[in-house]
Amino acid sequence: NMISDFFFQIVGLKKLPRSGWKIKLGLTDSESVAEHSYMMSVMAMILTDLKNLNSEKVIKMSILHDWAESKIGDFMPDEIGYDKKSELENYAMIEILETLPEQIKTQYESLWNEFLERDTPEARLVHELDKLEMALQAKIYEKDVEPERIKPFIISAVEQIIDPDVKKVLVDILK
C-alpha cells in the first residue's frame, strides 16, 4: 500500500533532530523536526483564527513544509547553500508525494509550491511561523547555553517576521 509507505517515510521526522540546535548550540538532545512542525501547526491554528485566514491551508502547509527532510535530512542553508538546499528539497518532495493517490498528490503539490513562492498571505504566514517557532524554542534553550549563542536565532526571527500579529507574539516571547 502506497499510503503506508508514505507514513513510514514521514514518521522518520519524529526521530530527526533539528540540525541548527545540534550544530550551532551543540545540544545532543534537541527537538525533532516533527516536534517543530507540530508546534508550528498549533501556532497556525491560533493565528489563522485570530486573523481570519484559511486555517486548513495554513495548518496543512505547516505540517507538510518539512516533509522533504524525511528523505534528505535537515540541512542548514549555510552548510550546502540556499539554492542547493531548495533543489534537494524540491526533488525529495516530488518523490515523497509520488507515493500518494493522484487526487491528494496534486493538492499537496500545489500547497508546497504556494509555500515556496510566498505569493499568498497564507504562505507568507507559514514562513513567519517557522521563524516564530524557532524563536520560542530558542528562548526555551536559552537556559541551557550562553545567551550569545542564542542571539543569531533571535536576530533571524526579528528580521524576518513582519506581520504585525506575529510580531506582537514574537515580542511577548522574547520578553
Side-chain angles (χ1 to χ4, degrees), residues 2-21 30-75 77 85-86 89-140 153 156-158 160-174:
M2 284 163 43
I3 290 179
S4 65
D5 291 344
F6 170 82
F7 288 156
F8 276 112
Q9 179 64 48
I10 302 302
V11 79
L13 294 176
K14 289 166 59 167
K15 289 263 183 281
L16 180 69
R18 293 257 287 162
S19 63
W21 306 127
S30 61
E31 66 164 347
S32 71
V33 174
E35 288 170 311
H36 161 70
S37 297
Y38 171 74
M39 195 58 214
M40 253 183 87
S41 306
V42 172
M43 292 173 159
M45 184 171 145
I46 304 299
L47 279 146
T48 51
D49 285 341
L50 226 145
K51 297 169 76 56
N52 286 317
L53 284 173
N54 182 335
S55 295
E56 185 184 345
K57 184 189 269 194
V58 177
I59 292 168
K60 281 184 173 181
M61 228 180 258
S62 298
I63 290 171
L64 68 72
H65 84 288
D66 279 338
W67 282 354
E69 294 181 4
S70 71
K71 256 200 191 320
I72 61 173
D74 181 19
F75 287 107
K85 181 183 193 291
S86 303
E89 282 178 346
N90 212 28
Y91 282 126
M93 196 64 155
I94 289 162
E95 269 180 36
I96 288 166
L97 296 177
E98 274 311 312
T99 64
L100 292 171
E102 199 58 44
Q103 74 272 24
I104 60 174
K105 186 190 103 162
T106 317
Q107 183 204 141
Y108 298 165
E109 276 171 351
S110 91
L111 279 173
W112 170 243
N113 289 322
E114 185 177 329
F115 170 73
L116 293 180
E117 286 155 17
R118 303 183 195 210
D119 284 340
T120 61
E122 285 85 4
R124 283 192 292 273
L125 179 62
V126 174
H127 281 278
E128 294 203 5
L129 292 177
D130 205 358
K131 292 294 171 187
L132 185 68
E133 201 287 326
M134 180 190 69
L136 176 69
Q137 193 59 50
K139 283 303 282 186
I140 292 164
F153 295 99
S156 162
V158 169
Q160 292 180 61
I161 292 173
I162 295 141
D163 180 285
D165 299 309
V166 183
K167 187 69 113 180
K168 192 174 172 309
V169 178
L170 176 65
V171 169
D172 285 342
I173 286 172
L174 297 181

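Atom set for the values below is all heavy atoms of this structure, side chains included, hydrogens, waters and symmetry mates excluded. Each residue takes its place number in the sequence, starting with 1.
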Worksheet item: What residues, two or more places apart in sequence or in another chain, satisfy side chain to side chain donor-acceptor pair (under 3.5 Å) together with Ser70?
Response: Gln9
Worksheet item: Do the rings of Phe115 and His127 sit parallel, tilted or perpendicular, given the 30° and 60° boundaries?
Response: parallel
If you compare all heavy atoms of [X] against all heavy atoms of [Y], which two are closest, and at what distance to 0.1 Å?
X: Leu53; Y: Pro121; answer: CD2-CB, 4.0 Å
X: Met43; Y: Leu129; answer: CB-CD2, 4.0 Å
X: Ser62; Y: His65; answer: O-ND1, 2.7 Å
X: Leu64; Y: Met93; answer: O-CE, 3.2 Å
X: Trp21; Y: Ser30; answer: CB-CB, 3.5 Å
X: His36; Y: Asp66; answer: CD2-OD2, 3.3 Å

Fill in: Residues in salt bridge (charged side-chain N to carboxylate O under 4.0 Å, His left out) contact with Lys71, at least two apart in sequence or another chain
Glu95
Worksheet item: Sequence neighbours excluded, which residues qualify as salt bridge (charged side-chain N to carboxylate O under 4.0 Å, His left out) partners of Asp119?
Response: none
Worksheet item: Hey, is CD on Glu56 packed in by over 12 heavy atoms from elsewhere, all under 6.0 Å?
Response: no
Practice prompt. Mind running side-chain contact (heavy atoms from CB on, under 4.5 Å) on Lys57 and Glu114 for me, showing each step along the way?
Written response: CA-CA 10 Å; Lys57 184 189 269 194; Glu114 185 177 329; 3.0 Å; yes
Would you compute the distance between atom [atom1] of [X] and atom [atom2] of [Y] and round it to the nearest 0.5 angstrom?
X: Ile59; Y: Ile46; atom1: CD1; atom2: CD1; answer: 9.0 Å
X: Leu136; Y: Met40; atom1: CG; atom2: CE; answer: 12.5 Å
X: Ile162; Y: Leu170; atom1: CD1; atom2: CG; answer: 12.0 Å
X: Glu35; Y: Leu13; atom1: CD; atom2: CG; answer: 11.0 Å
X: Tyr108; Y: Ile63; atom1: OH; atom2: CD1; answer: 9.0 Å
X: Thr48; Y: Met61; atom1: OG1; atom2: CE; answer: 11.5 Å

Enumerate the residue pairs fulfilling salt bridge (Lys or Arg N to Asp or Glu O under 4.0 Å) with a member in [range], sequence neighbours excluded, ordered by first and then second residue.
range: residues 42-54; answer: Lys51-Asp163, Lys51-Asp165
range: residues 10-21; answer: Arg18-Glu31
range: residues 120-134; answer: none

Worksheet item: With distance as the sole test, does Lys167 use its side chain to make a donor-acceptor pair with the main-chain N or O of Ile161 at under 3.5 Å?
Response: yes
Item to complete: Check whether any side-chain N or O of Thr106 sits under 3.5 Å from a backbone N or O of Gln103 as a donor-acceptor pair, and report yes or no.
Response: no
Fill in: Worked verdict on Leu97 versus Trp67 for side-chain contact (heavy atoms from CB on, under 4.5 Å)
CA-CA 9 Å; Leu97 296 177; Trp67 282 354; 3.9 Å; yes
Discussion item. Please evaluate residues Ile72 and Lys85 with respect to the criterion side-chain contact (heavy atoms from CB on, under 4.5 Å), reporting the C-alpha separation (whole Å), side-chain torsions for both, the decisive distance (0.1 Å), and the verdict.
Written reply: CA-CA 9 Å; Ile72 61 173; Lys85 181 183 193 291; 5.9 Å; no
Worksheet item: Less than 4.5 Å apart, any side-chain heavy atom of Leu100 and any of Met2?
Response: no
Item to complete: I would like to know whether Val58 and Leu47 meet side-chain contact (heavy atoms from CB on, under 4.5 Å); could you show each step before the answer?
Response: CA-CA 10 Å; Val58 177; Leu47 279 146; over 6 Å; no
